[in-house]
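Encoded as structure tokens, the structure appears first; notes follow it.
All heavy atoms count here, side chains included; hydrogens, waters and symmetry mates do not. Just so you know, residue 1 is the first one in the sequence shown, and it goes up from there.
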Amino acid sequence: RICEKWQESCDAYAKAADIQVRLGCPEEAASYASEAAETMVKVNPADAITFYRNAISLLCEVGKFGTAGRIQRKLAEWYEEDRNF
């Protein structure tokens, strides 16, 4: 992210999230998915939603409903601001 290579950064975070899911660490996977979303926002906000939804699902899986709710609220605010999603 330091070099502003947003797409490459997103791909790396997405790959890390996938590895964490395979290792059985959904909380870590959610963290990486969220980071992937944050970097994807710089490239394509619509694609970032997919990563956020994945993070929400993983967080709910481990009972982190508050954190999942905060991300869901962020998505709802995006939808409210720009109805083009």
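- Annotation: the span from Ile56 atom CD1 to Ser34 atom OG amounts to 9.0 Å, rounded to 0.5 Å.
- Across all their heavy atoms, Cys10 and Ala36 have their closest contact at SG-O, 3.5 Å.
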Under 3.5 Å, sequence neighbours excluded: what are the donor-acceptor pairs made by side chains of residues 62-76?
unit_1	atom_1	unit_2	atom_2	d
Lys64	NZ	Glu27	OE2	3.4
Thr67	OG1	Arg70	NH2	3.2
Lys74	NZ	Glu38	OE2	2.8
Lys74	NZ	Tyr52	OH	3.3

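- Residues Pro26 and Leu58 come closest through the heavy atom pair O-CB, 3.7 Å.
- Hydrophobic clustering, with ILVMFWY side chains joined whenever heavy atoms are under 4.5 angstrom apart, groups Trp6 together with Phe51.
- Using a 4.5 Å cut-off between side-chain heavy atoms of Ile, Leu, Val, Met, Phe, Trp and Tyr, with links allowed through other members, Tyr13 and Ile19 fall into different hydrophobic clusters.
- A 4.5 Å side-chain heavy-atom check between Leu23 and Gln20 finds at least one atom pair inside the cut-off.
- Counting all heavy atoms, side chain and backbone alike, Ala55 lies closest to Ala30 at CB-O, 3.6 Å.
- Scanning both residues, Val41 and Ala48, for their nearest heavy atoms gives CG2-CB, 3.6 Å.
- Between Tyr79 and Ile49 the shortest side-chain heavy-atom distance falls below 4.5 Å.
- Salt bridge present: Arg22 and Asp18 bring a charged side-chain N and a carboxylate O closer than 4.0 Å.
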